[in-house]
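Please read the structure below before turning to the comments.
Lettering of chains follows the sequences in order, A, B, ..., and the numbering in each one begins at 1. Just so it is clear, the values below take in all heavy atoms, side chains as well, and ignore hydrogens, waters and symmetry mates.
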Amino acid sequence: MIAVLLILIPLLTGLAAFFFRNEKAARSWALFSSVLTLAVSILGLTVLKQAKYLSHQCEWMQGLGSSFSVSLDGMGQILCLLTAVSYPIIFLSTWHSSYKKANNFFALMLLAQAGLMGVFLAMDALLFYFFWELALIPVYFLCSQWGGERRIQVTFKFFIYTFVGSVLMLIGILFVYTHTADHSFAIDSFYKANLPFGSQHWLFWLFFVAFAIKMPIFPLHTWQPDAYEQSPTATTMVLSGIMVKMGVLGLLRWLLPVLPVASYSYGDTVSRLAIIGMIYASIIAIRQDDIKRLIAYSSIAHIGLMCLTIFSENKVGLQGVMVQMFNHGVNIIGLWIMVELIERQFGTRKMSELGGLAQKAPAMVIFFVIIALANIALPLTNAFVGEFLMFTGVFTSTVTKYNILFTVLAGLCIILAAVYTLNMIRKIFFGEANALTSTAMDLRLNEKIALSAIVGLIIWMGVYPKPMLDLTNEISDSILKISDVQHLLKK
Amino acid sequence: MNNVLHLAYLVPLFPLLGFLINGLGRKSMSKSLIGIVGSGAILASFVVSIWIFMQVKGGNTFTAEYFDFISAGKLTIPFAFKIDQLSSLFLLIITGVGFLIHVYSTSYMHEEKSEHFGRYFAYLNLFVFSMLLLVMGGNYVIMFIGWEGVGLCSYLLIGFWFKKPEYNKAANKAFIMNRIGDLAFLIAIFWLIWKLDTVSYDAVFSAVKDGSPALGKTDILVITLLLFVGATGKSAQIPLYTWLPDAMAGPTPVSALIHAATMVTAGIYMIVRSNILYSLAPVTLNVIAIVGIATALLAATIALKQNDIKKVLAYSTVSQLGYMFLALGTGSYIAAVFHVMTHAFFKALLFLGSGSVIHAMGGEQDIRKMGGLSKYMKITNITFLIGCLAIAGIPGLSGFFSKDEILAGAFMKSPILYGVGLFTALLTAFYMFRLYATTFRGSFRGTHDQEHHLHESPAAITFPLIVLAILSIIGGYVGVPEFIMQGAHSLNTFLAPVIASVDHGAGHAATHLTHSEEWMLTGLSTVLIVAVVVFAWTKFSKKPDTEEATGFGKVLANKWYVDEIYDAVIVRPLNKLSNFLDNMLEKPVIDGLVNGVGKLVNYSSRQLRLLQSGQVGSYVLLMVISMLLIFALQFFLRK
Amino acid sequence: MALFGAMMVITSKNPVYSVLWLILTFFSISGHYILLNAQFLAIVNIIVYAGAIMVLFLFVIMLMNLNQTTEPKKNRWVKLAGVVAGGCLLLVLVAALKDTEIKQQTAEVATGSIGLIKNLGKELFSTYVVPFEISSILFLSAMVGAVLIGKKD
Amino acid sequence: MNALILSAVLGVIMMFSGITLKQKSAVRGVAITGLAALLLANILELRGIHFFKIDVEGMMYFDRFALLFITIALFATLVYFILSARDMEKVGADYAEYFALIFFITCGIILVASFKSLLILFLGIEIISIPLYILTGADKRNLKGNEGSLKYFLMGAFSTGLMLMGIALIYGAAGTFDVEKMKFAIETPAVLPVTGMLLLLFSMSFKVSAAPFHFWTPDVYDGAPTVFTSFMATIVKAAVFIGFIRLFDETFGTFQVKWQMWLAVIAAVTLFIGNITAVFQQSVKRMLAYSSIAQAGFMLFAVYAMNTSAKEGILLYAAAYSLATIGIFSVLNKLNDYTFEGFNGLAKQQPVVAASLTIFLLSLAGIPLTAGFLAKFFMLKSVIDTGTGVWLVIFAVLMAAVSVYYYFRVIQAMYFKEGKADITVTATFKWSLVAIAALIIILGTFPNVLINWLYF
Amino acid sequence: MPINYYIILSIALFCIGIVGVLTRRNAIIIFMCVELMLNAVNLLLVAFSKMHHLAGKAVLETAGTDGQLFVFFIMVVAAAEVSVGLAIIVMMYRNIHSVDVNFLNRLKH
């Protein structure tokens with residue numbers, strides 16, 4: 001019930017939002033809806049956490065062997081919570097950004113939320129694919145309609161890029177489907193599918209490319225900086241905070257357990273790509289002048305670490321990834337809020353044109369510094385927990401021989417992250433104020449609330465991450481159990 | 001839980017509260033209130049620390065676990081504090097010196113706006129909190145939290161005056177260099193987890209002690225090396241020392257507290273904490289000794305030609321830290337801790353004294369523009385002199401005892417180490433008295449305006465100076481060498497439980513050298529030092545070293561060009577690489593490939609549509625040709 | 001003769017000659033029909049094709065005054081390509097079909113009664129009545145179409 | 001059978017209605033009512049009620065598959081009439097005759113969908129083709145229309161020749177035209193039927209505009225009056241596909257190995273040419289012509305795979321593709337400017353129309369939750385089910401991604417570009433569009449509606 | 001007469017028709033060539049019809065009739081086609097005063 005509600009609320013309210021005429025009303029409606037979703041999500045975490053509330057299955061396309069099957073497992077809980085938490089924050093923080101045809105904007109945002117929820121909840125491959133695409137369409141319209149100057153080409157590139165990935169995945173899904181014993185798209189059948197080792201190898205790449213584009217993994221990442229740069233910031237938050245998690249979730253739920261042998265044998269290859277991407281993106285981030293691009297590259301680096309960890313197939317690591325999915329989402333949304341504030345005030349995102357904001361906007365700088373530090377995984381912030389566990393996972397991995405090398409190389413990104421993040425802080429906030437920034441205004445109440453929520457989450461998850469880690473315990477075990485290659489090979 | 005030391009959480013709690021109150025209320029609170037909250041929090045911690053120290057002294061050590069910080073898979077990391085001799089001693093130093101510096105700051109920073117004043121104290125409290133976490137942590141992860149936390153506060157405080165771009169750059173540099181070390185530290189932690197599935201001190205040390213098969217010789221070697229790399233970052237050793245002199249951009253009390261007394265000694269604390277591991281890794285010890293002595297020498301040479309009062313002290317700090325590492329490398333862990341303690345006193349004193357001078361000079365830091373200040377600032381003059389004597393190692397003062405112990409240890413390890421160490425000590429004495437003489441002796445060389453303003457600092461400044469001066473004098477008597485007075489080395493006795501007694505490791509210096517040898521060494525060094533002091537004093541009182549350095553002096557004045565080399569070897573190539581990747585790889589190649597696919601599609605579209613010529617004849621011809629092809633292949637090739 | 005006629009159809013410069021050659025070809029094909037004892041078809045062929053259709057062609061050609069104008073030369077290469085392609089197709093098909101599995105069978109020549117109107121008619125109006133009716137739809141539509149197109153507006 | 005006879009009769013009625021009814025709206029009314037009756041009659045036959053008891057044994061075969069397709073085709077035609085009938089007025093004066101011809105084409109469609117003898121297939125295809133030649137040239141003063149018509153005619157006649165040769169060769173081998181009585185052995189590589197089969201393959205490929213026999217398509221679709229392009233690009237093409245499938249399933253099913261490879265090649269080439277060439281088009285009409293080629297490539301998958309899911313899928317595909325394309329053409333009809341710029345800013349002027357159009361385009365592009373996605377899904381599934389031709393599938397989806405490019409150009413023009421694509425539409429038109437869009441979504445979400453029919 | 005002869009003859013006629021379509025520019029002549037192709041088919045069908053009659057008449061008296069009937073239908077269709085086709089050509093001629101297919105190049109690319 002919870003699972004269905006999580007999809008239905010944004011879907012229905014989103015559709016309803018199309019019919020609002022008044023911007024203010026649409027905005028409030030969207031906020032209301034997102035808070036409602038959040039409430040439901042929290043309800044699912046606390047009061048109604050018995051299995052019967054969390055999953056739902058009903059007939060749908062039974063002729064095809066597909067059913068409408070949604071369920072909240074630990075990973076789903078985390079990601080749905082992330083989605084549910086992000087939306088109110090996004091709406092709050094962009095309360096003062098005005099959009100042409102705001103009703104459409106909010107409607108599409110909510111529809112995107114429905115799609116995202118669906119992706120995180122779907123326990124049926126076809127349903128998963130449906131939502132996968134469905135989340136993309138509203139985002140396409142959001143970016144193309146309300147984005148920056150080059151929005152149309154850039155969004156289009158993004159769309160086609162991800163579309164290519166997803167149709168490849170569709171073929172993979174279909175192929176696995178034909179090999180399931182009961183001709184079903186259900187996730188359990190997929191896990192039990194008796195796939196010949198030979199076809200696992202190319203199937204792996206079909207799936208991986210789809211997820212890699214979404215995450216994105218080097219060298220399939222080039223849509224991302226452009227897309228982040230050109231999208232309206234509220235959408236960028238969705239894109240980078242939540243949407244990239246689709247890829248991570250895909251790897252965890254649909255790749256590792258479905259194709260364990262191939263995941264094992266290509267683990268090193270993928271890890272290498274991930275590491276190259278991490279270092280590459282971190283280095284490029286150093287010289288970016290546009291804040292959005294900088295954050296985009298930093299996100300590539302962070303996601304690369306998740307990918308690396310996933311393929312080290314190690315419990316600590318997987319738990320780290322799941323926690324980090326939440327944390328990364330929270331942090332990067334926080335960063336985008338800052339970017340939005342800066343851009344709205346000064347009309348520029350170029351760091352070279354900013355500077356000295358710290359004098360005029362002390363509250364802003366505090367929030368920014370905290371979030372930025374969380375972004376570079378300073379201890380007692382949330383990202384530290386995630387990254388620590390992920391690195392531990394990589395380092396103690398038993399599926400690769402190169403665990404030490406991987407960790408060290410990936411670790412370089414910690415240093416590089418400090419370099420570009422601190423440079424960013426310095427260039428934006430420190431130094432003397434210039435003509436542009438001397439008129440700066442500090443945060444408004446709504447922004448303070450949104451940012452406080454984020455900072456609260458950062459600290460909470462950084463100091464006491466246990467509740468979240470507990471959520472990941474069972475699911476990471478079950479994923480690892482299914483994808484245990486040694487066991488399979490013995491058979 | 002029953003142990004009273006469970007209350008140890010109070011120690012970091014007070015600074016944390018102070019941080020929160022000052023941080024959130026900095027706009028609404030008055031400066032005096034901020035000062036009281038800030039200093040009071042530390043005082044409260046100090047009081048609790050004394051109580052803890054008493055408990056520990058009474059033999060009560062305890063590891064207090066509060067909650068599970070991280071538990072994932074087989075790994076469980078509790079949020080735990082370990083209270084034992086080592087940490088309680090450090091608690092005293094941190095909260096004690098910290099309190100004095102807080103008091104000092106209330107006056108020193110008084111000219112800042114209330115908002116920034118509050119911010120300053122918030123940072124300072126946060127720093128103390130982090131430092132306390134570092135030393136109290138019951139496992140490596142908690143230590144790492146503190147470890148990064150102090151790095152953060154150092155970053156924040158160096159860049160405290162955020163309007164000055166170069167200060168911010170210095171802050172960044174400090175943080176990034178620390179991060180390099182931190183990475184090594186982290187990897188060491190991962191290694192421990194990999195091999196032992198735990199990071200708790202107790203578990204790790206007992207595993208080592210019991211010779212757990214999970215942890216081989218190589219593992220220990222790598223872990224210790226990595227930890228040491230971590231320490232070089234935090235404690236400013238070669239090759240990661242260059243941030244520390246730049247860190248002098250921060251307010252002077254900060255330099256005193258963070259960059260002299262406490263934070264930079266974290267590396268020493270870590271190694272002493274893990275001394276069991278190190279004792280099993282002689283190679284690492286050798287590396288530490290060499291790096292330590294090299295750093296000591298290098299920094300001392302640079303200090304010879306510096307003209308910024310704080311820079312001199314900064315290089316002196318680096319040099320002294322090198323000394324401490326030398327001690328660690330020779331296995332004299334207690335000597336290192338001893339030196340940490342004495343150094344905390346006299347270096348804090350020196351920094352605060354220099355702060356007093358700077359304060360009086362209206363922000364001027366160049367010693368060439370000072371001189372003759374002893375006339376105007378009596379207390380500062382005397383206390384500063386005490387500090388200089390202490391650091392130079394004049395007998396009777398604290399520095400003498402600790403330095404002597406280190407040199408003795410070095411001699412036992414290798415006479416070369418001793419020789420270089422002694423030479424460094426002489427250099428130290430030389431540049432310190434160059435500094436002292438140039439600043440306080442001779443005649444005033446500043447502007448008339450400045451001279452007019454010269455005055456003794458207020459009590460909030462002089463009080464800490466006096467206290468620290470007293471400590472600098474008497475601080476050494478907790479570790480009076482055995483050869484002078486049997487059983488007077490109370491520090492040795494106190495710390496003995498936390499130092500592993502590993503048979504083949506290098507034990508206490510005193511047990512291996514005869515008393516007469518020690519007397520001889522001590523005598524030699526004392527005589528030489530006194531000679532140097534007298535030489536420097538007389539030389540620079542009369543004719544201060546005001547002209548530009550030339551020749552080799554210029555190399556020294558420019559810090560051996562290390563910053564330039566780093567810039568050329570690392571920073572600029574990295575920036576260039578970044579530019580290169582962005583402009584030459586990212587856009588044209590990778591994105592170009594992606595766009596190229598699009599262009600290819602477009603191009604082929606343009607070409608393919610030419611096939612649609614509009615001519616029926618060619619349409620039919622193409623159809624016939626394709627039919628022909630299919631027939632031909634069907635019948636003649638695909639039989 | 002049929003082949004020769006056919007060749008001439010496609011090589012004659014003057015459309016009228018082409019039509020005449022085509023009529024010749026049709027006649028020769030009709031000859032084959034008679035040879036195969038398909039008298040009905042032979043007659044129909046001559047009436048419908050050689051008679052009606054070809055007259056229609058001729059009529060149109062005359063209407064357009066095309067008899068005088070020789071058509072402009074098509075690009076020689078295109079022509080050559082056409083001939084080569086057609087020739088190759090012929091070669092391939094002949095090569096393929098010459099070994100067909102039914103080559104031993106023969107067509108009944110000059111005997112057999114199925115080609116007679118009586119038999120064909122019986123069959124046409126029994127088994128093939130539906131297609132026959134359907135062809136009326138075809139004619140209807142062709143008629144409507146021809147009127148629609150040919151009508152002056 | 002109900003539908004066949006009725007549609008022939010309706011054709012005749014429409015011929016005369018042009019004379020008796022002076023009001024164009026009346027003609028339209030008759031046509032729409034007639035078609036609705038036709039649809040009803042067919043549905044009744046689907047339920048087992050036959051109006052006419054005619055023995056068509058050996059000639060036609062009205063099975064579920066055929067009847068279902070006929071229903072779809074008739075429904076699509078009805079939709080087409082509702083949306084576009086008014087626009088036929090623009091073409092020329094012979095309003096009633098157009099309807100008559102379309103009804104005759106419907107006859108042909110029914111024949112092609114239900115043939116059992118090659119003779120009926122031939123007649124059906126000719127009944128479809130001949131009126132189409134005329135409709136293409138219906139706008140007599142339009143040189144493009146004339147040209148398209150002549151091209152279509154010449155090439156169509158040529159392909160008829162190929163087809164007849166094929167039929168003749170097969171007759172030579174089998175001695176019958178009845179598809180059920182032909183039994184070709186797999187083992188012996190019979191040259192005669194293979195040649196005939198290939199010739200039929202070529203001519204059918206021509207009719208469904210599969211590359212490299214597609215050349216007529218863009219020119220004809222572009223030249224023909226837009227209303228008729230809409231009809232021939234959708235319903236007619238789908239019908240020929242049904243014929244294609246039936247032919248190759250029942251006649252040549254036994255030596256699938258012989259043609260599967262070629263079909264794969266043709267499908268791949270078709271996808272490639274259709275999609276790639278569409279990318280650079282400036283005119284939406286011509287783009288849609290190429291897109292229809294591309295879609296044909298996808299539909300060829302059904303012929304390639306020739307299994308249950310292929311047959312289910314081709315019906316869905318026919319419905320999805322026809323509805324969406326008819327919808328797009330109906331809007332295109334109202335525009336003056338057929339280039340992409342013509343759509344600029346449509347979303348501002350006509351949000352409802354633009355939204356429906358977007359759904360049609362998404363459906364064509366194969367985005368989930370639209371019928372178009374499921375249709376493509378079935379096609380892919382059918383091929384993957386055969387266990388061969390994975391390369392083909394991968395190639396196809398890559399091409400589908402290319403197709404997104406040109407479909408979305410229209411969406412971009414409507415939503416993200418400034419312009420004044422002002423069209424006037426009636427409320428009926430608007431809500432019909434919305435209804436179709438809703439239908440597409442429903443088909444895409446709950447395809448069982450259609451599929452269950454197949455089994456009941 | 002062996003059926004092979006007829007097959008080859010028909011194929012030859014058919015191919016000549018194709019070559020004609022390929023090489024000529026006059027729409028009417030192209031159309032005539034198509035008719036030639038149809039006639040080739042007719043001839044082949046009749047030949048096959050007789051062949052099957054010979055082979056199958058023992059079983060069924062009317063064996064092979066269908067072939068000839070098919071020819072009949074082809075002629076029917078051809079006639080219809082010709083009427084429409086010529087109408088189109090005439091329409092074309094009225095508009096551009098030419099029947100040269102090379103001038104049909106308004107629609108391309």
*Of the listed residues (B:Asp197, B:Ile193, B:Asn575, B:Asp68), which shares the most heavy-atom pairs with chain A below a 4.5 Å separation?*
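Answer, by heavy-atom pair count under 4.5 Å with chain A: B:Asn575.
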_Between B:Asp182, B:Asn583, B:Asn579, B:Leu75, who has the most heavy-atom pairs with chain A when the cutoff is under 4.5 Å?_
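Between B:Asp182, B:Asn583, B:Asn579, B:Leu75, the count favours B:Asn579.
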*Please report the C-alpha distance between A:Lys157 and B:Asn595 in whole Å, then the side-chain angles of each, then the deciding distance to 0.1 Å, and finally whether the side chain to side chain contact (heavy atoms under 4.5 Å, CB included) criterion is met.*
CA-CA 8 Å; A:Lys157 179 168 143 190; B:Asn595 292 337; 3.5 Å; yes
Heavy-atom pairs under 4.5 Å with chain B, option from [options] with the top count:
| options | value |
| --- | --- |
| A:Gln319, A:Gln288, A:Lys466 | A:Gln319 |
| A:Trp223, A:Phe388, A:Tyr297, A:Phe218 | A:Phe388 |
| A:Val408, A:Val365, A:Ile376, A:Ile425 | A:Ile376 |

N/O donor-acceptor pair under 3.5 Å between [X] side chain and [Y] backbone:
| X | Y | result |
| --- | --- | --- |
| A:Thr392 | B:Phe190 | no |
| A:Thr222 | B:Ile590 | no |
| A:Tyr280 | B:Glu586 | yes |

Proximity breakdown for [X] and chain A, heavy-atom pairs closer than 4.5 Å:
| X | result |
| --- | --- |
| B:Val141 | side chain |
| B:Phe69 | both |
| B:Leu585 | both |
| B:Phe144 | both |
| B:Leu183 | side chain |
| B:Leu152 | side chain |
| B:Lys27 | side chain |

Enter the distance from [X]:[atom1] to [Y]:[atom2] here, rounded to the nearest 0.5 Å.
| X | Y | atom1 | atom2 | answer |
| --- | --- | --- | --- | --- |
| A:Ile284 | B:Leu581 | CD1 | CG | 5.0 Å |
| B:Arg179 | A:Leu412 | CZ | CG | 12.5 Å |
| B:Trp194 | A:Asn403 | CH2 | CG | 4.5 Å |
| B:Leu186 | A:Thr407 | CG | OG1 | 10.5 Å |
| B:Asn172 | A:Lys427 | CG | NZ | 10.0 Å |

*Start with the C-alpha gap between B:Phe162 and A:Phe429, add the side-chain angles, then the distance that decides, and say whether side chain to side chain contact (heavy atoms under 4.5 Å, CB included) holds.*
CA-CA 8 Å; B:Phe162 52 73; A:Phe429 290 103; over 6 Å; no
*So, B:Lys587 and A:Asp226, do they make that salt bridge, N to O below 4.0 Å?*
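A salt bridge is absent here (no side-chain N lies under 4.0 Å from a carboxylate O).
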*Decide if atom CZ of B:Phe67 counts as having more than 12 heavy atoms of other residues, nucleotides or ligands within a radius under 6.0 Å.*
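Buried by this count: over 12 neighbours within 6.0 Å.
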*asked:* Can you tell me if A:Glu474 has over 12 outside heavy atoms packed within less than 6.0 Å of its CD?
replied: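 No.
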*Evaluate the criterion side chain to side chain contact (heavy atoms under 4.5 Å, CB included) for residue pair A:Phe395 and B:Ile187; output intermediate values, then yes/no.*
CA-CA 8 Å; A:Phe395 200 87; B:Ile187 292 174; 3.9 Å; yes
*Take B:Lys169 and A:Phe430 through the test side chain to side chain contact (heavy atoms under 4.5 Å, CB included) and record every step on the way to the result.*
CA-CA 10 Å; B:Lys169 280 190 182 148; A:Phe430 299 148; over 6 Å; no
*Grab the two heavy atoms, one from A:Val316 and one from B:Gly73, that are nearest each other, plus how far apart they are.*
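Smallest heavy-atom distance, with atoms named: CG2-CA, 4.2 Å.
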*Does the side chain of B:Arg26 reach to within under 4.5 Å of the side chain of A:Pro362, using non-hydrogen atoms?*
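Side chain of B:Arg26 against side chain of A:Pro362, heavy atoms only: contact under 4.5 Å found.
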